[in-house]
A.B. asks: 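Structure provided below as structure tokens; questions to follow.
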Amino acid sequence: MQNEVVIAGFGGQGVLSAGQILAYSAMAEGFNVVWLPSYGPEMRGGTANCSVVVSDQPIASPIIPHPGAAIVMNNPSLERFGPAVKAGGIIIINTSLINIKCQRDDVTQINIGANQVAMDLGNGKAANMVILGAYVAATKAVSFDVLKATVREKFARKPQFEELNMRALDAGFELAGKQM
Amino acid sequence: MQNEVVIAGFGGQGVLSAGQILAYSAMAEGFNVVWLPSYGPEMRGGTANCSVVVSDQPIASPIIPHPGAAIVMNNPSLERFGPAVKAGGIIIINTSLINIKCQRDDVTQINIGANQVAMDLGNGKAANMVILGAYVAATKAVSFDVLKATVREKFARKPQFEELNMRALDAGFELAGKQM
Amino acid sequence: MPRVTIEKDRCKGCSLCVEACPQQVLEMSLDINVKGYFYARPVRAHHCIGCRVCAITCPDVAIEVAVHGTLYHYFDY
Amino acid sequence: MPRVTIEKDRCKGCSLCVEACPQQVLEMSLDINVKGYFYARPVRAHHCIGCRVCAITCPDVAIEVAVHGTLYHYFDY
Amino acid sequence: MGKKVLMKGNEAIGEAAILAGCRAYFCYPITPQTEVAEYLARRMPEVGGTFLQGESEVAVSYMLFGAGGAGVKVFTSSSSPGISLMAEGMSYIATAELPIVLINVMRNGPGLGGILPAQADYFQATKGAGHGDYHFIVLAPSSVQEAVDLIVKSFDMAEKYSNPVMLVADGMIGQMMEPVELPTFDEPPSPYVKGHEKWATTGAKGRERNLVKTLFLNPHEGQDHNVKLQTKYKEIEANEIAFEEIDTDGDLDVLLVSFGTMARVCKTAMESLKAEGVKVGMLRPISLWPFPLQRIRDLADKTKLVVSVELSMGQMVEDVERAVQGKTPVGFFGRAGGIVPTPDEVKDGILNLMKES
Amino acid sequence: MGKKVLMKGNEAIGEAAILAGCRAYFCYPITPQTEVAEYLARRMPEVGGTFLQGESEVAVSYMLFGAGGAGVKVFTSSSSPGISLMAEGMSYIATAELPIVLINVMRNGPGLGGILPAQADYFQATKGAGHGDYHFIVLAPSSVQEAVDLIVKSFDMAEKYSNPVMLVADGMIGQMMEPVELPTFDEPPSPYVKGHEKWATTGAKGRERNLVKTLFLNPHEGQDHNVKLQTKYKEIEANEIAFEEIDTDGDLDVLLVSFGTMARVCKTAMESLKAEGVKVGMLRPISLWPFPLQRIRDLADKTKLVVSVELSMGQMVEDVERAVQGKTPVGFFGRAGGIVPTPDEVKDGILNLMKES
Amino acid sequence: MATTVFKRPESMSTNITHYCPGCTHGIVHRLVGEVLDELGLRERAIGIAPVGCSVLCYNYFNIDFQESAHGRAPAMATGIKRTRPDTIVFTYQGDGDLASIGTNELIHAANRGERITTVFVNNAIYGMTGGQMAPTTMPGQVTTTCPMGRDVQTMGHPLRVSEMLATLKTPSYIARVAVHKPSYVIEAKRALKKAFQYQVEGRCYSLVEFLSTCPTNWAMTPSQSTKWLEDTMLPYYPLGEFKTPDEEE
Amino acid sequence: MATTVFKRPESMSTNITHYCPGCTHGIVHRLVGEVLDELGLRERAIGIAPVGCSVLCYNYFNIDFQESAHGRAPAMATGIKRTRPDTIVFTYQGDGDLASIGTNELIHAANRGERITTVFVNNAIYGMTGGQMAPTTMPGQVTTTCPMGRDVQTMGHPLRVSEMLATLKTPSYIARVAVHKPSYVIEAKRALKKAFQYQVEGRCYSLVEFLSTCPTNWAMTPSQSTKWLEDTMLPYYPLGEFKTPDEEE
Ligand SMILES: Cc1ncc(C[n+]2csc(CCOP(=O)(O)OP(=O)(O)O)c2C)c(N)n1
Ligand SMILES: Cc1ncc(C[n+]2csc(CCOP(=O)(O)OP(=O)(O)O)c2C)c(N)n1
Ligand code: SF4
Ligand code: SF4
Ligand code: SF4
Ligand code: SF4
Ligand code: SF4
Ligand code: SF4
Ligand SMILES: [Mg+2]
Ligand SMILES: [Mg+2]
């Protein structure tokens, strides 16, 4: 079993930490895992992305040109990673900020208005959790309970965010479930 | 034909320039020549020496562990280079400053009180010319006329020294001649 | 009459010009430009005195100022 | 009585001590030491007041000064 | 070994140094390894150690010299241009036989280049950036776990041989997160180098004074010191060659030689090559200096082609050629500019080389 | 060619640069090459050129970059530790393809070492002191005359290939005096690099602006630039390999490979070896990079033993091994610490190696 | 008819900078462009880019440029100006570049009296590499390499480059200005114009230090940054001309 | 009974120095030895030798020593003192070493407030390499790399290190002294003792600059050198304490 996902968006959308949470969860489940950020030019702004590989075997190449899934948080990310996902894979699209079409018909597309949902929950910053919940619902890369436990641990010292994030994960998980 | 000589003494005794004059003379006669100074520690004081190789063939190694001749201007120089001269070679000893004995019986020793002679001529600094004259008398490495011409040229702009140096060369040449 | 022009897609939304304008001519937009920034725009253009303060403040050379008729020389620049 | 001692073979013949001594105690030699230098030596030892100025001046720590009896403390050193 | 934690390579590198007993870290920021510094800026004070950001890499190399010469375990991290600025210092440190440890998280060059992963400092690391005859021991991890393990080992080797050790990783290893088991020790390693009392400068109380120097004005002293160094280097060559072999049993169509991240890409490429019926094996040097010359030479006898695969325009390939001694053709596949080739690109590259050879 | 004059190597080196058209020299003093600076401190003003003593070798390397990037012929000289400090700058200069010329009058190391002659910066010069994939053209004169000729040639090569050139001499060549014929030109060479208008920074008057840089943040741009450099290096390898062969006709008992002063000592040693009935020949590389791999490989076919003779503990020998490809045994004879072996020591060393092999 | 009283200077290109929103590097760029325009120097000018956030500054000017290694811009400028004395050469450098790794090149270019101008952007931090301490970082200021704030007991006090350089006898002009508010920008431009004017006149070294913001690594909004600069940096880094040619000539 | 009122300090070895006759490096050495003795620091002291004529200075002391690369002594001292805070660490550096190639390490060690002491020997020339220009060379002074004399128009004015360092807020003690005559030597020792005393007290960076002679490369007799120093150097390099701890604390 090997699951690969690339998570991409603007800097500040929390794509790197969403990837890390996924990686922590995978490790907690006893999988091998590699989290690899793009670390572009040495300056602020622009886009960010990371890839997470989860496997029950030792992971050879950390470079995944054609991942099984992509989570895209904005237009440039869809443009860049949409075509890369392997046939039969999954693309999770943040429709709150993406207004272009994904031209692939050989992949499953899941549309989540992540920013909107998060805003409705009280804080737009939780958009990354919404979409992460959706990803786990769609791929079962890790168990949803382990994912939630990881997030809970991570926000243990900020209970106000813990609650919000739990609800964000749930919301994404449900929305994706409906589309499967 | 190849002639090698090492010229050694205190810093300031003019051993490097004596070697250079010899080298210029040899070049003027159309020989190949290498002048090589010891360039010891990066600081003042201590001893100085140079070696001059004159040959009618291209000169391969500039390093002459066993030269045909040595000109030694003080005790440490005799101690160091006395034993190095090849058997059948020549050692020219500045008896003005050397009070130790050269233990070799397989070389020709020529004793010149170079400082004394130079002092008598009016300037102790010409000791190097005295002993150079002696060397050329003893080895005929270059023609004495060419040597004198070289020195004359070198001191063309300081006529007061030119005269002194000519007489110093002559004195050394004669003294050595008598000992051959 | 002075005219201030802001090149929308050059603007990075720092809002320094808005804060700097002595005449409250400028405000930040509610929608985003191609780079994803809220951008500055003149909303009270007729209050503009052509003083150039906004343009001088802008780190992104997004602002141009033109003046019709009398040019008041408030400061050397 | 003060006594100034110069270690002959440490001396490099700079003659700074000779110039420094307020009592003209020291002079340069006419013969050379093992290193080939004319060296400084006390020639009017009985004039020495033990002031240490020569020793303080010597770059080669060649001079020692000892004092018998009263020690005049001319300066802090 | 303790329990597994998920760590970013750069942070794991910092923690590994602390686990090895190191309590002194001097640095200058440079991408893609600045997180080592940022991590240790927090951690060193917690464990009572020294963290200092120097004014430049040149200065840092001599802070290492100073601290190393004072007998403490000392560490730094930098990246390609920063390492170049340490060239003089590295020559000095090796000459003084100071047991310092240094990691180069390589980025793409030459010049200012960029900040993406590369392995083009192989020559610099193994043949010496600085002047004169000297060697750092050079080790190349290919995972975060191995980086941790090799750093701990580096401090031991440095101490054992009184010789500096350089690790070379690429930006990818510094930036990625992987689970690691941090080593545990019955007795925590000392922050001081064993036996330093004999040579280190700590104040000459109750002993002869110690002197740490690299000047040898007397040529015989210089020659002797060089011979001493060479004797030590021979000993290291005899003891410390390390590599991993994968699928090298039996006759081979092609033997890949590759290190670090590139070797991981090769591992995946090997699967596809095997699927196409190619008998492929790999030797992954872990010690780049000393280099596993003899083992590659032996494997060359039973392989049709040896290919050096590097994130460079071809550097280790020269040592591979030296190893193979013309027994079989040697090919090269590489990329520069920070581009890490995909397993498929590597596969295609190998197939092409096989066709040509 | 003009008439013969007796010149000290270092002074001849300075004069040669001026003859080649160079009117810009930046330096930092270091024995055994300081006389180059002292000579040019007088000469440059006489010919209307620029002489500047910089604050350090690091600074000097970027003064070279600046002047080179402004399209002028520029020169520097230094010695081993000083060259190490230029490691970063050299990588930058090679990346920006600036046609600068530099001489390393090598002294004994590593570390501060001493000031006596050595050849232990072979690795540094040929494999790159700096980071990343780059090459200087590296030339090694073995007499004062050849130093002069090669410096003049270096400026041409630098211009032709838009590539820096490094000469490596040893302290002996810098310090000794030999007769030299200084080259004469019908038309004095220009102080400016041919075609610099296309790329050099001189003020963007009446043209597109020019940009001299080494940053390639886009990996594809970085890869392309690296490929461009490698293509040029291949061209240089094809055109510019230079060496001298002595007595290499017929079958050989031993082939010596040696450069610079050491090759001259070998020449004398060869006479004694022949006297003892040994069939000995020598290949003296003049270009160290590119290295005469193929020619040595060819000669290896007809010789029983190849020996690399160096003023080092063994560096060029690795390239010799690469050249020989196991066809015949490769031996090494060397000295360090500034000791130049006598012809007899070399002879004995060779005889011993012949016995062992 | 409308008169354009403010627009992008000729010496700048039309590229949009990569700087963060509100980063005052952009203002300093524009001032350089304006001064080059106003003094008619575009075709004689050669800029040197540093390593730092402004490493790409060559993209924003329409003049000849060289890009330096970290800290070495003054040496590079020396190489150019000594061999091309008719050009106008300036370095553009951040505080990590100029006041940490590159202090030696700075001091010696200034002390030799190189006929160049340095545009020094002091934002009290290493911007490009993500916010490490600089020698200019303020006491107590939190950065990634002084996570508890700069402790002057172990890391010393911030380096005042202009004051230090002004003790040198050689340089012509040293001034410190700020660009966080329009009134300061106007003053800043005056100083920069003087600096270039002196170079045109053949006088030696000039430097203008710009107090500048780094909203990203200070973790502030642009307008908070402006206030922090005013409240924290200004008192420690007083503005003014520290050295003018007349003093010495 | 005779009381010895002057003899070689314990902290020095008995080796005869390699310095030229009349070179005042020797005096500075002795002062260091005397101060270490008088403060009882021999067994805690670690010296750093520079590259310059005093490269071998470790031969003349009976204390732990490290030998640095050219100019890097303050960085080396930092490495030692930060990891061995109970030792007393000093660098011994010439003007080429400290004021040319090593200015960066000097300034930043001083500005970080390293708890070390620098013994700075300014003889206005590169002694060891045979008399090249230093940043401290006097206007008009002839050296092998400024054979027509230092021209301040092209090479700038001599660098006054102590004045420059004294503008830094951090360091504790900066003083300039001379050693060409006994009365100056006495003053010099007082300053040096203070500098070490401050280090013992845990205060931060101290530096004493010694104006020193180089008879060989100045091409003068020792006593001519003394006079040249007095007449030429003293007016440009005024003696005194430029910074003391009390000022700032
Ligand atoms: C030799 C070297 N060391 C380190 C770096 C990494 N580096 C790039 S930019 C930078 C700091 C720049 O800070 P500053 O000069 O203050 O500029 P800013 O980004 O704040 O404008 C550093 C350390 C490098 N590129 N080269
Ligand atoms: C990197 C490097 N560059 C240059 C040198 C050569 N060098 C040795 S000593 C010296 C100058 C020393 O002058 P200074 O510091 O004034 O000491 P002094 O001899 O005058 O006491 C130089 C340039 C070196 N050893 N290392
Ligand atoms: S020109 Fe002056 S008044 Fe007009 S918008 Fe700009 S700041 Fe406001
Ligand atoms: S100052 Fe410029 S970038 Fe900032 S908001 Fe105004 S127009 Fe936009
Ligand atoms: S102690 Fe004083 S009086 Fe005596 S010799 Fe020395 S300087 Fe002269
Ligand atoms: S001062 Fe010292 S070295 Fe100089 S002459 Fe006097 S005793 Fe001799
Ligand atoms: S990181 Fe700071 S200095 Fe760099 S562009 Fe952003 S705000 Fe400006
Ligand atoms: S060269 Fe100068 S500094 Fe060096 S020992 Fe001689 S007099 Fe002293
Ligand atoms: Mg900054
Ligand atoms: Mg000096």
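Computed from a prediction, not measured in an experiment: that's the story for all the values here. Residue numbering restarts at 1 for every chain, and letters A, B, ... go by the order of the sequence lines.
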A.B. asks: Check whether any side-chain heavy atom of L211(F) sits under 4.5 Å from a side-chain heavy atom of F61(G), and report yes or no.
C.D. replies: no

A.B. asks: Can you list every side-chain hydrogen bond (donor to acceptor under 3.5 Å, both in side chains) pair that touches residues 12-21 of chain F, not counting sequence neighbours?
C.D. replies: E15(F)-Y39(F), E15(F)-R43(F)

A.B. asks: Quick one: does E55(F)'s side chain get under 4.5 Å of N111(G)'s, heavy atoms only?
C.D. replies: no

A.B. asks: Less than 4.5 Å apart, side chain to side chain, heavy atoms only: is that true for V212(F) and E67(G)?
C.D. replies: no

A.B. asks: So for R72(G), is it side chain, backbone, both, or neither that comes closer than 4.5 Å to the heavy atoms of chain F?
C.D. replies: both

A.B. asks: Kindly indicate whether the side chain of L52(F), heavy atoms from C-beta on, has any atom under 4.5 Å from the side chain of R112(G).
C.D. replies: yes

A.B. asks: Starting at CE of M63(F), measure out to CD of E114(G) and round the result to the nearest 0.5 Å.
C.D. replies: 6.5 Å

A.B. asks: At a heavy-atom separation under 4.5 Å, does A45(G) approach chain F through its side chain, its backbone, both, or neither?
C.D. replies: backbone

A.B. asks: Looking at G79(G), A73(G), G102(G), which has the largest count of heavy-atom pairs under 4.5 Å with chain F?
C.D. replies: G79(G)

A.B. asks: Would the number of heavy atoms belonging to other residues, nucleotides or ligands and lying under 6.0 Å from CD of E201(G) be above 12?
C.D. replies: yes

A.B. asks: For Y62(F), what residues pass the ring pair (Phe, Tyr, Trp, His ring centres under 6.0 Å) criterion, not counting sequence neighbours?
C.D. replies: Y92(F)

A.B. asks: May I ask you to list the residues in residues 193-202 of chain F that approach chain G closer than 4.5 angstrom, counting heavy atoms only, ordered by number?
C.D. replies: H196(F), A200(F), T201(F), T202(F)

A.B. asks: Rounded to the nearest 0.5 Å, how far does CZ of F65(G) lie from CZ of R209(F)?
C.D. replies: 7.5 Å

A.B. asks: Report which part of T50(F) has an atom under 4.5 Å of a heavy atom belonging to chain G: side chain, backbone, both, or neither.
C.D. replies: side chain

A.B. asks: For I46(G), which atoms come within 4.5 Å of any heavy atom of chain F: side chain, backbone, both, or neither?
C.D. replies: side chain

A.B. asks: Please check if the number of heavy atoms outside E10(G) that lie under 6.0 Å from its CD is greater than 12.
C.D. replies: no

A.B. asks: Please name the pair of heavy atoms, one in G206(F) and one in E43(G), separated by the smallest distance, quoted to 0.1 Å.
C.D. replies: N-OE2, 3.9 Å

A.B. asks: Looking at every heavy atom in both S56(F) and E105(G), which two are closest together, and how far apart are they?
C.D. replies: OG-OE2, 4.4 Å

A.B. asks: Can you tell me if R190(G) has over 12 outside heavy atoms packed within less than 6.0 Å of its CZ?
C.D. replies: yes

A.B. asks: Give, as side chain, backbone, both or neither, the part of F26(F) having an atom under 4.5 angstrom from any heavy atom of chain G.
C.D. replies: side chain

A.B. asks: Do you know which of R44(G), H108(G), R84(G) has the most heavy-atom pairs with chain F at a distance under 4.5 angstrom?
C.D. replies: R84(G)

A.B. asks: Looking at chain F, which one of D86(G), T83(G), T87(G), I107(G) has the largest number of heavy-atom pairs inside 4.5 Å, strictly under?
C.D. replies: T83(G)

A.B. asks: Hey, does N104(G) have a side-chain heavy atom less than 4.5 Å from the side chain of V58(F)?
C.D. replies: no

A.B. asks: Is chain G contacted by the side chain of Y192(F), its backbone, both, or neither, given a heavy-atom distance below 4.5 Å?
C.D. replies: side chain

A.B. asks: Please enumerate all residues that pass ring pair (Phe, Tyr, Trp, His ring centres under 6.0 Å) together with F196(G), with sequence neighbours excluded.
C.D. replies: F90(G)

A.B. asks: Tell me, with the steps shown, if K205(F) and D64(G) meet salt bridge (charged side-chain N to carboxylate O under 4.0 Å, His left out).
C.D. replies: CA-CA 9 Å; K205(F) 183 162 182 161; D64(G) 277 4; over 6 Å; no

